[in-house]
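I have placed the structure first, in the form of structure tokens, so that the comments after it can refer back to it.
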Protein chains: 2
Amino acid sequence: MDDLTEMLKGTLEGCVLEIIGGEETYGYAITRRLNELGFTDVVEGTVYTILLRLERNGFVRVAKRPSEMGPPRKFYALNEAGRAELATFWAKWEYMTSRIDKLKEGGR
Amino acid sequence: MDDLTEMLKGTLEGCVLEIIGGEETYGYAITRRLNELGFTDVVEGTVYTILLRLERNGFVRVAKRPSEMGPPRKFYALNEAGRAELATFWAKWEYMTSRIDKLKEGGR
DNA sequence: GCCCGGTACTCGGTGATACGTTGTACCGGT
DNA sequence: ACCGGTACAACGTATCACCGAGTACCGGGC
């Protein structure tokens, strides 16, 4: 699939929130997960900027833990604000997709 | 619905393409149409920048015609390249939404 | 005749976001 | 000792939607 970057703006952060909401995890693993999901072009640099933004905005709690496979990992988990943000994200997603699907169906 | 601007990036242009694809129309009317559709915050300035971009990228043919309700209007219609671009847009949209819905359903 | 609101388009600048690149650093296998 | 995989951070870049100001055409009310 060719370039999705513009279309992912505003939604990729939501995807990361959803992944973190599912289980406590870390940047490198999140990138792999997104790649498996089909977002093959998403690179680590992108995910880390999102994670730093989430941290700065107070949506996550962070714990640094050693790894057996390399350097230490920063594990992220949603806090209360993060769960609220995730809920608004899905609400917006639902709203937007329904309108666009309506437009696609030739909705007058 | 609160701010959708980030989420609309990359898709709003596709919406405009779809609207133009339906019938030859002009900027002001496209804005009204988007507002009716539910994208209430989309303003004229945004639509005009998209239209100029479409023109610059050779996706539309343009015809200026007088109006009985004010200044002359610039009518836009899709050309061959525009129809192709619209098709790719919907392909990307389909691709992206399916992946994200899978993520939402907890798809492993 | 004059202003005002609605119609219609253009242009310059702003902010947010994903991406590219580079750099740092830990680790195991050869 | 080197290399590839793991793991994070920081810089700059491009694109896009938005905002604001400006220009201009038109009809109706005063």
Side-chain angles (χ1 to χ4, degrees), chain A residues 1-17 24-35 39-57 59-60 62-76 85 89 92 96 100, chain B residues 1-17 24-35 39-57 59-60 62-76 85 89 92 96 100:
Chain A
M1 177 57 50
D2 51 78
D3 201 20
L4 289 177
T5 72
E6 287 310 321
M7 205 176 270
L8 281 175
K9 292 200 176 164
T11 68
L12 197 54
E13 178 175 318
C15 294
V16 173
L17 277 170
E24 188 184 45
T25 182
Y26 57 100
Y28 192 79
I30 294 170
T31 311
R32 291 290 96 65
R33 179 106 171 71
L34 287 167
N35 295 151
F39 303 114
T40 50
D41 295 345
V42 174
V43 293
E44 294 160 43
T46 302
V47 174
Y48 289 120
T49 53
I50 292 174
L51 289 172
L52 291 175
R53 193 161 68 229
L54 293 178
E55 192 176 350
R56 176 161 39 84
N57 293 353
F59 294 139
V60 288
V62 189
K64 198 160 199 167
R65 305 218 187 92
S67 160
E68 292 139 8
M69 286 297 293
R73 300 165 171 168
K74 276 179 74 175
F75 282 84
Y76 294 83
E85 180 72 8
F89 166 72
K92 288 208 261 184
M96 190 185 78
I100 291 191
Chain B
M1 177 59 49
D2 50 80
D3 201 22
L4 290 177
T5 72
E6 287 311 320
M7 206 175 270
L8 282 174
K9 296 220 172 136
T11 67
L12 197 53
E13 178 175 317
C15 294
V16 171
L17 278 170
E24 189 184 43
T25 182
Y26 57 98
Y28 193 79
I30 293 170
T31 311
R32 291 291 95 69
R33 178 106 171 73
L34 287 168
N35 294 152
F39 302 115
T40 51
D41 295 345
V42 175
V43 293
E44 294 159 44
T46 302
V47 174
Y48 290 120
T49 52
I50 292 175
L51 289 172
L52 292 175
R53 193 162 66 229
L54 293 178
E55 193 176 350
R56 178 159 39 84
N57 293 354
F59 294 139
V60 288
V62 188
K64 199 160 199 169
R65 305 220 185 90
S67 160
E68 293 139 9
M69 284 298 291
R73 298 165 173 167
K74 276 178 74 175
F75 282 84
Y76 293 83
E85 180 72 9
F89 166 71
K92 288 207 262 184
M96 190 186 77
I100 292 190

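Sequence lines set the chain letters: A, B, ... in the order given, protein chains first and strands last, and positions in each chain run from 1. Below, each value reflects all heavy atoms present in this structure, side chains not excepted, and no hydrogens, waters or symmetry copies.
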Between A:Thr49 and A:Met69, the residue closer to the 5' end of DNA chain D by nearest nucleotide is A:Met69
Taken to the nearest whole Å, CZ/A:Arg56 to P/C:dG15 is 14 Å
Atom CG of A:Leu52 and atom P of C:dT17 are separated, to the nearest Å, by 13 Å
- Query: Closer than 4.0 Å, any side-chain N/O of B:Tyr48 to the OP1 or OP2 of C:dT10?
  - Reply: no
Separation of C:dA18 atom P from A:Leu17 atom CG, nearest Å, is 11 Å
Testing C:dC26, D:dC19, C:dC9 for proximity to the side chain of B:Val43, the answer is D:dC19
Taken to the nearest whole Å, CD1/A:Ile50 to P/C:dG20 is 13 Å
Exercise. Does a side-chain N or O from B:Tyr26 land closer than 4.0 Å to OP1 or OP2 of C:dC9, or not?
Worked result: no
Whole-Å distance, A:Glu6 CD to C:dC19 C1', equals 10 Å
query: Would you say C:dA18 has OP1 or OP2 under 4.0 Å from some side-chain N or O of A:Arg53?
result: yes
Sugar-phosphate, base or nothing in reach of B:Leu51, heavy atoms under 4.0 Å:
nothing
Margin query: B:Val47 vs B:Tyr28, test: side chain to side chain contact (heavy atoms under 4.5 Å, CB included). Steps then yes/no.
Written below: CA-CA 8 Å; B:Val47 174; B:Tyr28 193 79; over 6 Å; no
* To do: Might you work through the side chain to side chain contact (heavy atoms under 4.5 Å, CB included) test for B:Thr46 and B:Thr5, ending with a clear yes or no?
  => CA-CA 11 Å; B:Thr46 302; B:Thr5 72; over 6 Å; no
Would you say the base of C:dA16 and the side-chain of B:Lys9 have a donor-acceptor pair closer than 3.5 Å? yes
note: A:Glu44, atom CD; C:dG23, atom P; distance rounded to Å ~ 16 Å
Comparing A:Val42 with A:Ser67, nearest DNA chain C nucleotide closer to 5' gives the residue A:Val42
A:Leu12 atom CG is separated from C:dC19 atom P, nearest whole Å, by 6 Å
- May I ask you to verify if any side-chain N or O of B:Lys74 is less than 4.0 angstrom from the OP1 or OP2 atom of C:dT10? yes
* To do: Mind running side chain to side chain contact (heavy atoms under 4.5 Å, CB included) on A:Asn35 and A:Val42 for me, showing each step along the way?
  => CA-CA 7 Å; A:Asn35 295 151; A:Val42 174; 4.2 Å; yes
Here the distance between atom C1' of C:dC9 and atom CZ of B:Arg73, to the nearest Å, is 12 Å
- Query: Do B:Leu54 and B:Leu17 pass the side chain to side chain contact (heavy atoms under 4.5 Å, CB included) test, and can you show the C-alpha distance, the side-chain angles, and the key distance before you say yes or no?
  - Reply: CA-CA 8 Å; B:Leu54 293 178; B:Leu17 278 170; 3.9 Å; yes
Does a side-chain N or O from A:Thr5 land closer than 4.0 Å to OP1 or OP2 of C:dC19, or not? no
The answer to which of A:Glu68 and B:Arg32 contacts DNA chain C further toward the 5' end, by nearest nucleotide, is B:Arg32
- Message: With a 4.0 Å cut-off on N to O distance, would you call A:Lys92 and B:Glu6 a salt bridge?
- Response: no
